[in-house]
K.L.:
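Below is one structure. I have some questions about it.
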Amino acid sequence: MAEQGLPDLQITDVKAICTAPDGIRLVVVKVETSEPGLYGLGCATFTQRPLAVVAAVDDYLRPFLMGRNPADIEDIYQTSYLSSYWRSGPVLNNALSGVDQALWDIKGKRAGMPVYQLLGGKCRDRVPLYAHASGRDFQELADQVRAYMAQGYRYVRCQAAVPGLSTYGAAGSQAGAWEPTPYCQMVPKMFAYLREQLGDEVELLHDVHERIPPIQAVGLAKELEPYKLFFLEDALAPEDNEYFRMIRAQCSTPIAMGELFVNQAEYVPLIRDRLIDFIRVHVSTIGGLSMARKLAAMCEFFGVRTAWHGPGDVSPVGHAANLQLDVAVWNFGIQEQHVFGANTQEVFPGCPEIRDGCMWPSDRPGLGVDVDEALAQRFPFPDDPLNGSWAPVRRIDGTVIRP
Ligand code: MG
């Protein structure tokens with residue numbers, strides 16, 4: 001359907017662009033149109049299975065969408081979603097996200113507005129970020145938190161190594177095995193130390209990364225209650241969603257969940273039953289900006305705040321899409337930060353600006369970020385027979401566990 005007062009447009013190409021400027025495999029989708037120079041970009045980064053996403057884009061979405069009017073974002077999303085008959089997996093959702101975000105980028109460029117204006121305008125002029133601090137011991141960790149506070153950060157994620165174990169998110173952690181019990185004993189001691197050293201001013205966060213048995217997660221959430229965390233992340237795996245009810249019944253530690261969620265069946269019940277406080281999905285893995293704005297609206301009605309997943313394996317295009325939602329969504333909670341390396345910033349001109357512990361929106365039309373395709377090609381995916389697969393994490397007896 002035509003947009004009023006504007007000439008009809010057609011999609012003339014859809015392609016996946018692969019690049020790894022700082023060693024992380026990124027996939028973005030470029031949607032080109034019949035208007036010379038008008039194109040959009042979207043994040044389709046599923047860094048553990050990037051080549052499967054590329055096939056979904058190039059072999060399936062491209063032929064399906066050629067000739068369509070890029071103005072019809074919702075209809076293109078719904079028809080593409082249904083065109084696989086079986087749907088809602090991470091590969092197909094990331095491919096859809098690449099197209100979906102690119103269509104929002106095109107609509108913003110056509111309107112001469114940043115995408116957040118199309119989403120209702122700004123609720124805030126900057127987006128508070130949380131930084132990642134980690135240490136081999138508590139003192140090194142506290143020093144890092146202080147360094148972030150000195151730079152203007154008010155929210156910091158804290159991870160410390162368990163001596164002798166391969167600990168998620170902790171700098172200097174040894175490679176090797178992992179055991180949940182020593183970790184569960186360490187974390188409350190870590191927060192007691194941090195509160196004693198740092199006081200109550202700074203907001204502290206922690207990521208369990210779904211590594212411990214559910215009943216130990218219930219116990220850990222209870223034990224951490226006195227330290228007033230901003231949130232406790234991924235205390236449980238998606239497979240153990242029902243245990244969130246038990247955590248909720250026993251303590252008021254704020255719960256963040258969702259970076260592994262793919263579809264509505266996983267997140268709707270947790271929001272509806274008020275069992276989590278922050279929704280932390282990887283926006284491209286649930287299907288893109290269209291799905292994320294609906295999810296944010298649903299969360300608003302249940303008092304759940306947003307905390308979109310924002311590590312280095314969300315491309316700068318994805319961070320720019322997160323930023324649009326972060327400024328426009330009233331029930332914004334926090335944004336995870338990643339400071340991209342110099343190579344990535346060169347490949348993606350217009351990478352969101354980070355300053356004073358915040359990400360700052362620009363007034364550039366669309367998502368506000370571009371890609372230098374020739375430069376992107378100079379950073380191919382690293383040579384690795386497993387193409388980015390997550391390495392197994394094992395207990396001392398050899399049992400593989402969730403990562
Ligand atoms: Mg996480």
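Reckoned from all heavy atoms, side chains included, excluding hydrogens, waters and symmetry mates. Because the structure is predicted, anything quoted here is derived from the model rather than measured.
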K.L.:
Checking Arg124 side chain against Trp330 main chain: does a donor-acceptor pair fall under 3.5 Å?
P.N.:
yes
K.L.:
Counting only heavy atoms from other residues, nucleotides and ligands, does the tally under 6.0 Å from NZ of Lys15 exceed 12?
P.N.:
yes
K.L.:
Is the shortest heavy-atom distance from the side chain of Ile76 to the side chain of Val99 under 4.5 Å?
P.N.:
yes
K.L.:
Apply side chain to side chain donor-acceptor pair (under 3.5 Å) to the pair Asp313 and Thr45, showing each step before the final yes or no.
P.N.:
CA-CA 7 Å; Asp313 58 345; Thr45 300; over 6 Å; no
K.L.:
With the side chain counted from C-beta on, respond yes when His209 and Glu259 share a heavy-atom pair under 4.5 Å apart, and no when they do not.
P.N.:
yes
K.L.:
Hey, are Asp105 and Arg364 close enough for a salt bridge, meaning a charged N less than 4.0 Å from a carboxylate O?
P.N.:
no
K.L.:
Within the structure provided, determine whether Thr344 and Pro316 are in side-chain contact (heavy-atom separation under 4.5 Å).
P.N.:
yes
K.L.:
Answer yes or no: is there an ion pair linking Arg25 with Asp384, defined by an N-O contact shorter than 4.0 Å?
P.N.:
yes
K.L.:
Report, as yes or no, whether the 6.0 Å neighbourhood of atom CZ on Phe64 holds more than 12 heavy atoms from other residues, nucleotides or ligands.
P.N.:
yes
K.L.:
Does the pair Arg245 and Asp273 meet the rule for a salt bridge (Lys or Arg N to Asp or Glu O under 4.0 Å), with working shown?
P.N.:
CA-CA 9 Å; Arg245 215 173 288 283; Asp273 294 345; 3.2 Å; yes
K.L.:
Measuring from atom CE of Met113 to atom CG of Leu119, what distance do you get when rounded to the nearest 0.5 angstrom?
P.N.:
11.5 Å
K.L.:
Set out, in order, the CA-CA distance, both residues' side-chain angles and the distance that settles side chain to side chain donor-acceptor pair (under 3.5 Å) for Asn93 and Thr285, then state yes or no.
P.N.:
CA-CA 5 Å; Asn93 279 357; Thr285 294; over 6 Å; no
K.L.:
Less than 4.5 Å apart, side chain to side chain, heavy atoms only: is that true for Phe191 and Pro226?
P.N.:
no
K.L.:
Take Glu300 and Arg305, measure what salt bridge (Lys or Arg N to Asp or Glu O under 4.0 Å) needs, and give me the verdict at the end.
P.N.:
CA-CA 7 Å; Glu300 181 185 326; Arg305 287 171 280 171; over 6 Å; no
K.L.:
Please check: side-chain N/O of Ser97 versus main-chain N/O of Ala44, any donor-acceptor pairing under 3.5 Å?
P.N.:
no
K.L.:
How about Pro311 and Glu336: do any of their side-chain heavy atoms sit closer than 4.5 Å?
P.N.:
yes
K.L.:
Would you call Asp207-Arg157 a salt bridge at under 4.0 Å N-O?
P.N.:
yes
K.L.:
Counting only heavy atoms not in Arg211 (residues, nucleotides, ligands), do more than 12 fall under 6.0 Å from its CZ?
P.N.:
yes
K.L.:
Run the salt bridge (Lys or Arg N to Asp or Glu O under 4.0 Å) check on Arg248 and Asp277 step by step: do they pass?
P.N.:
CA-CA 10 Å; Arg248 197 53 136 200; Asp277 302 280; 2.8 Å; yes
K.L.:
Is it true that, when you exclude Asp363 itself, more than 12 heavy atoms of the residues, nucleotides or ligands shown sit nearer than 6.0 Å to its CG?
P.N.:
no
K.L.:
From the options Leu236, Asp240, Leu260, select the one residue that forms a side-chain contact (heavy atoms from CB on, under 4.5 Å) with Glu210.
P.N.:
Leu260
K.L.:
Mind running ring pair (Phe, Tyr, Trp, His ring centres under 6.0 Å) on His282 and Phe46 for me, showing each step along the way?
P.N.:
CA-CA 9 Å; His282 187 96; Phe46 174 7; 8.1 Å; no
K.L.:
Is it the case that atom CH2 in Trp360 sees more than 12 heavy atoms from other parts of the structure closer than 6.0 Å?
P.N.:
yes
K.L.:
Using atom types as modelled and distance alone, determine if a side-chain donor or acceptor of Gln335 lies under 3.5 Å from a backbone N or O of Ala307.
P.N.:
no
K.L.:
Do Cys251 and Glu225 come within less than 4.5 Å of each other through their side chains, counting heavy atoms only?
P.N.:
yes
K.L.:
Give a yes or no on whether the backbone of Cys158 and the side-chain of His206 come within a donor-acceptor separation of less than 3.5 Å.
P.N.:
yes
K.L.:
Treating Gln48 as the side-chain partner and Gly388 as the backbone partner, does any N or O pair qualify as donor plus acceptor under 3.5 Å?
P.N.:
no
K.L.:
Measure from NZ or CZ of Lys109 to the centre of the six-membered ring of Tyr39, then state whether that distance is under 6.0 Å and the direction lies within 45° of the axis.
P.N.:
yes
K.L.:
How far apart are the C-alpha atoms of His338 and Trp308, what are their side-chain angles, what is the distance that settles it, and do they pass the ring pair (Phe, Tyr, Trp, His ring centres under 6.0 Å) test?
P.N.:
CA-CA 12 Å; His338 181 78; Trp308 312 123; over 10 Å; no
K.L.:
Quick check for you: to the nearest 0.5 Å, what is the distance between Ser284 atom OG and Leu96 atom CG?
P.N.:
11.0 Å
K.L.:
For Arg280 and Thr306: C-alpha separation, side-chain torsions, deciding distance, then whether side chain to side chain donor-acceptor pair (under 3.5 Å) applies.
P.N.:
CA-CA 6 Å; Arg280 250 191 79 63; Thr306 64; over 6 Å; no
K.L.:
Between the main-chain N or O of Leu289 and the side-chain N or O of Asp100, is there a donor-acceptor pair closer than 3.5 Å?
P.N.:
yes
K.L.:
With side-chain contact (heavy atoms from CB on, under 4.5 Å) as the test, would you mind laying out the steps for Ile286 and Leu295 before giving the verdict?
P.N.:
CA-CA 10 Å; Ile286 65 160; Leu295 173 56; 3.9 Å; yes
K.L.:
Can you tell me if Arg195 uses its side chain to pair, donor with acceptor, with the backbone of Gly199 under 3.5 Å?
P.N.:
yes
K.L.:
Please lay out, stage by stage, how Met359 and Asp326 fare under the test side-chain contact (heavy atoms from CB on, under 4.5 Å).
P.N.:
CA-CA 9 Å; Met359 187 154 64; Asp326 290 337; 4.0 Å; yes
K.L.:
Does Tyr168 form a ring pair (Phe, Tyr, Trp, His ring centres under 6.0 Å) with Trp178? I'd like the steps, not just the answer.
P.N.:
CA-CA 9 Å; Tyr168 169 79; Trp178 160 260; 9.3 Å; no
K.L.:
Decide side chain to side chain donor-acceptor pair (under 3.5 Å) for Thr19 and Gln377; before the verdict, give the C-alpha distance in whole Å, the side-chain angles of both, and the deciding distance to 0.1 Å.
P.N.:
CA-CA 6 Å; Thr19 186; Gln377 276 183 13; over 6 Å; no
K.L.:
Can a donor-acceptor pair be found, under 3.5 Å and without considering hydrogens, that links the side chain of Asn94 to the backbone of Pro90?
P.N.:
yes
K.L.:
Could you state the interatomic distance from SG (Cys184) to CD (Glu179), rounded to the nearest 0.5 Å?
P.N.:
11.0 Å
K.L.:
Has Gln250 got more than 12 heavy atoms of other residues, nucleotides or ligands less than 6.0 Å from its CD?
P.N.:
yes
K.L.:
Before you tell me yes or no, could you show the steps for Phe230 and Leu204 under side-chain contact (heavy atoms from CB on, under 4.5 Å), namely the whole-Å CA-CA distance, both residues' side-chain angles and the distance that decides it to 0.1 Å?
P.N.:
CA-CA 6 Å; Phe230 185 72; Leu204 302 176; over 6 Å; no
K.L.:
Are more than 12 heavy atoms, taken from residues, nucleotides or ligands other than Lys122, located less than 6.0 Å from that residue's NZ atom?
P.N.:
yes
K.L.:
Under 30°, 30 to 60°, or over 60°: which ring-plane class applies to His319 and Phe340, parallel, tilted or perpendicular?
P.N.:
perpendicular
K.L.:
Check whether more than 12 heavy atoms from other residues, nucleotides or ligands sit under 6.0 Å from atom CZ of Arg136, and answer yes or no.
P.N.:
no
K.L.:
Do Val57 and Val14 come within less than 4.5 Å of each other through their side chains, counting heavy atoms only?
P.N.:
yes
K.L.:
Between Asn241 (side chain) and Glu266 (backbone), is there a donor-acceptor pair under 3.5 Å?
P.N.:
yes
K.L.:
Using a 4.5 Å cut-off on heavy atoms from C-beta on, say whether the side chain of Pro182 contacts that of Val162.
P.N.:
yes
K.L.:
Judged by atom type as modelled, is there a donor-acceptor pair below 3.5 Å linking the side chain of Asp372 to the main-chain atoms of Leu375?
P.N.:
yes
K.L.:
Consider ring-ring contact (aromatic ring centres under 6.0 Å, His included). Of Phe231, Tyr155, Tyr153, which one does Tyr130 pass it with?
P.N.:
Phe231
K.L.:
Could you please spell out the steps behind the side-chain contact (heavy atoms from CB on, under 4.5 Å) verdict for Met291 and Tyr77?
P.N.:
CA-CA 9 Å; Met291 278 302 279; Tyr77 181 87; 3.1 Å; yes
